[in-house]
Amino acid sequence: MSISLLLHPLSPHIPPASSPSASAAGNHHRRILSLAETCSDMSQLKQLHAFTLRTTYPDEPATLFLYGKILQLSSSFSNVNYAFRVFDSIENHSSFMWNTLIRACAHDVSRKEEAFLLYRKMLERGESAPDKHTFPFVLKACAYIFGLSEGKQVHCQVVKHGFSGDVYVNNGLIHFYGSCGCLDLARKVFDEMPERSLVSWNSMIDALVRVGEYDSALQLFRKMQRSFEPDGYTMQSVLSACAGLGSLSLGTWSHAFLLRNCDVDVAMDVLIMNSLIDMYCKCGSLRMAGQVFQGMQKRDLASWNAMILGFATHGRAEEALDCFDRMVKEGKNVKPNSVTFVALLIACNHRGLVNKGRQYFDTMVRDYGIEPALEHYGCIIDLVARAGYITEAIDMVMSMPMKPDAVIWRSLLDACSKKGASVELSEEIARNIIGTKEDSQSSNGNCSGAYVLLSRVYASASRWNDVGIVRKLMSDHGIRKEPGCSSIEINGISHEFFAGDTSHPQTKQIYQQLKVIDDRLRSIGYLPDRSQAPLVDATNDGSKEYSLRLHSERLAIAFGLISLPPQTPIRIFKNLRVCSDCHEVTKLISKVFNTEIIVRDRVRFHHFKDGSCSCLDYW
DNA sequence: CTAGGGTTAG
């Protein structure tokens, strides 16, 4: 029955001029309240609101209670404006009303700041004190806007008002500190809270994963299981820890654990599946990622994006592009977004597909109306420049609506040194970044960046004197080049390697094995495109490229030192950008050695979150 | 007398 019909018999009722008896008012309010429970949209709520205005006395506590309910309902229908109007029409607000409005803002993407302002106003007005419901909402808003100082103020208020023992409040604090990257503060709250719930553990694990403390996250996960059954949220963090570690064995274990132990609810299913796809891709098993993807009854945008990106980062451009076509064709209610195009551009970039890349860049703008962001520009500029179209790349840099970052300048500089652009042009480009904070912040404290590239430019022009000057500058500024690092997981054990590293106890055998691989590759007519230097050339004087580009150390281990039966999957991790030839080389090697090879690209493209940088930070 | 906590790719 619709609410208007329900209201109709009540409509003629006009409250008597004098205050009604308490019990009569009680009944009337109770009736409205039970009507409120049946409201299912704004228009019904508006009727109810009108009726309330007409038939109740505004100052009665029971009426205020009703307005609270109306506020709550309008924000549950996502009509925050209406909630504000109701709120403003009332003189004295209960803490419930403040809380409800703060919550409504905290949940509204465009009103996060307002949530904190409202909270401040609540304190200023002092008509009702914040309670245990207030803080979790405010903290959520602070977390969202990364308002560390705001959140800290809230934390003080929490203590001051005596809520530092409340689980919900503490969970809010953990989540807040976690999302601001303040791990130690999150940990302190977690350690000191008197009572923990599943959410407390989940929030803490998530905080660890966010800052890349994957090992600690998994440790905490194990500890947690003494008191709680993990749920879908837990497993998502665990999966992303496995992804971060690149540990396929742990990831597979988590997958099995998930199927065995977790009662994952249907709404979360897609999210979990997406995490699984992401994990398998980052751990190098595109096969398993594809299997999960195929098995999904429902796929959302993130599912498609994860899959496309997986193909892209593994240099499997054709499959990435096919996957995109499939998405457009069969993905119901799924529209490509800017992440999709980052993935497509990465796919083109890794295989040097210049025309396709340009085409997608145009399609994105023209057909999908997506404004290219910095990372799209980064991708396309790198692609075009590495293909030798340096002028075109520079034109693009000039036409960008935003300021190019150091990554983009380095792409150009790298291309210049490889494609024999003039030293003057290279110097011009290097001037944009050399010595800047942005450049020195590149790649996890790896400070080489532009200096390294510039010295390479001089080296290729045989201007050894200038090479020396740059070297001197570097050492004067305390800049050291850091070697690239890679690792391989064999039978659950992770082996880590650095470029030019000779500390491995079996170094000699490793390099012997490299020589074997090199010879084989040469015998079938393959030469790596980056230089004519043999793979085994791993001298450390910086004048030559490292062999690391083919991750040959790992191959050596896998093929030479540890005897593996044929068909044993070998997973190769690397921190280097995938060379455009990587896929081909991998295919060749796997043919030569009759083994499946899975390359995992640990590169986080460009400048996101962990601040790592993808490319060009090696000699 | 109301209610509340934790996710999304680069």
Side-chain angles (χ1 to χ4, degrees), chain A residues 26 29-30 33-34 36-37 61-62 64-73 75-76 94-104 106-107 131-140 143 163 166-176 178-179 193 196-207 209-210 231-237 239-240 243 267-268 270-275 277-279 281-282 300-310 312-313 337-346 349 373-376 378-379 407 601 603-610 612-614:
Chain A
H29 285 102
R30 258 198 294 280
L33 199 59
S34 65
E37 304 297 336
L64 285 177
F65 185 87
L66 272 177
Y67 284 131
K69 199 79 201 164
I70 290 167
L71 248 166
Q72 186 195 28
L73 282 167
S75 47
S76 78
S94 62
S95 59
F96 180 80
M97 291 172 184
W98 285 103
N99 293 350
T100 306
L101 207 59
I102 290 172
R103 181 164 92 114
H107 282 281
D131 61 19
K132 59 177 180 168
H133 294 286
T134 317
F135 297 109
F137 306 145
V138 188
L139 287 167
K140 193 190 170 81
F163 292 110
D166 187 87
V167 197
Y168 286 85
V169 174
N170 280 317
N171 292 347
L173 282 168
I174 295 170
H175 172 69
F176 159 70
S179 48
M193 64 199 287
R196 292 185 196 127
S197 66
L198 177 59
V199 178
S200 324
W201 289 90
N202 286 349
S203 306
M204 193 60 228
I205 292 171
D206 183 62
V209 172
R210 267 167 201 269
D231 66 357
Y233 284 103
T234 326
M235 292 318 289
Q236 276 194 83
S237 298
L239 286 171
S240 94
M268 205 156 182
V270 177
L271 253 28
I272 293 270
M273 293 294 153
N274 292 348
S275 302
I277 295 173
D278 181 58
M279 180 277 290
C281 287
K282 291 202 174 121
D300 66 3
L301 180 60
S303 326
W304 290 98
N305 283 351
M307 206 58 232
I308 296 173
L309 195 65
T313 50
N337 67 355
S338 92
V339 178
T340 317
F341 282 96
V342 171
L344 290 170
L345 291 172
I346 288 173
N349 190 324
L374 190 60
E375 48 272 35
H376 298 105
C379 246
V407 179
D601 189 355
V603 165
R604 309 272 153 88
F605 186 72
H606 284 6
H607 29 245
F608 264 78
K609 284 172 193 163
D610 62 359
S612 63
C613 158
S614 62

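These numbers come from a predicted model, not from an experiment. Excluded from the calculations below are hydrogen atoms, water molecules and symmetry mates; all remaining heavy atoms, backbone and side chain alike, are included.
Residue contacts for A:I277: at a heavy-atom cut-off of 4.0 Å it reaches no nucleic acid atom on any strand shown. In this structure, A:N305 reaches the bases: a heavy-atom distance under 4.0 Å links it to at least one base atom across the strands shown. A:H175 comes within contact range of the sugar-phosphate backbone alone, with a heavy-atom separation under 4.0 Å but no base atom that close. Within 4.0 Å (heavy atoms only), A:S197 reaches at least one base atom of the nucleic acid. Contacts of A:V167 with the nucleic acid, taken as non-hydrogen atoms under 4.0 Å apart, include base atoms. Using a 4.0 Å heavy-atom criterion, one finds that A:K140 contacts the sugar-phosphate atoms exclusively.
Considering only the side chain of A:Q236, B:dT7 comes nearest among B:dT7, B:dG4, B:dC1. You'll find that the side chain of A:N337 is closest to B:dA9, out of B:dT7, B:dA9, B:dT2. Taking the side chain of A:L33 as heavy atoms from C-beta on, and the options B:dG4, B:dG10, B:dC1, the nearest nucleotide is B:dC1. For A:A302, whose side chain is taken as the heavy atoms from C-beta onward, the closest listed nucleotide among B:dT7, B:dG4, B:dA9 is B:dA9. For A:S338, the listed nucleotide lying nearest its side chain is B:dG10; candidates were B:dT2, B:dT7, B:dG10. Between B:dG4, B:dT7, B:dT2, one nucleotide has an atom nearer to the side chain of A:Y233 than all others, and that is B:dT7. For A:V342, whose side chain is taken as the heavy atoms from C-beta onward, the closest listed nucleotide among B:dG4, B:dT7, B:dG10 is B:dG10. Of the candidate nucleotides B:dT2, B:dG10, B:dT7, B:dT2 has the atom lying nearest to any side-chain atom of A:F96. Side-chain atoms of A:D131 lie closest to B:dA3 of the nucleotides B:dA9, B:dA3, B:dG4. Out of B:dG4, B:dC1, B:dA3, the shortest distance to the side chain of A:D166 is found at B:dG4.
Across every non-hydrogen atom of A:S197 and A:V167, the tightest pair is OG-CG1, 3.7 Å.
For B:dT7, one of the phosphate oxygens OP1 or OP2 lies less than 4.0 angstrom from a side-chain nitrogen or oxygen of A:R210.
Taking atom CD of A:E37 as the reference point, atom P of B:dT2 lies 12 Å away to the nearest angstrom. Regarding A:K69, its NZ atom lies at a distance of 13 Å from the C1' atom of B:dG4, rounded to whole Å. Here the C1' atom of nucleotide B:dG10 and the CH2 atom of A:W304 are 20 Å apart, to the nearest Å. Spacing between atom CD1 of A:I70 and atom C1' of B:dC1 amounts to 16 Å, rounded to whole angstrom units. Atom-to-atom, CD of A:E375 to C1' of B:dG10 comes out at 6 Å; the value is rounded to the nearest Å. Atom C1' of nucleotide B:dG10 and atom CG of A:L344 are separated by 12 Å, given to the nearest angstrom. Atoms CG (A:L239) and C1' (B:dA9) sit 14 Å apart, rounded to a whole Å. When the P atom of B:dA3 is taken as reference, atom CG of A:L101 falls 18 Å away, rounded to whole Å.
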After noting the C-alpha distance and the side-chain angles of A:W98 and A:T134, does the key distance pass the side-chain contact (heavy atoms from CB on, under 4.5 Å) rule? CA-CA 8 Å; A:W98 285 103; A:T134 317; over 6 Å; no
What verdict does the side-chain contact (heavy atoms from CB on, under 4.5 Å) test give for A:T234 and A:L198, after you've listed the backbone C-alpha separation in whole Å, the side-chain angles of each residue and the deciding distance to 0.1 Å? CA-CA 9 Å; A:T234 326; A:L198 177 59; 4.2 Å; yes
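For A:N274, the side-chain hydrogen bond (donor to acceptor under 3.5 Å, both in side chains) partners are A:D300, A:S303, not counting sequence neighbours. Considering only residues two or more places apart in sequence or on other chains, A:S275 meets the side-chain hydrogen bond (donor to acceptor under 3.5 Å, both in side chains) condition with A:Q236.
Atom-to-atom distance recorded for A:I70:CD1 and A:L33:CG is 9.5 Å, nearest 0.5 angstrom.
On a pure distance criterion of 3.5 Å, no polar donor-acceptor pair joins the side chain of A:D278 and the base of B:dA9.
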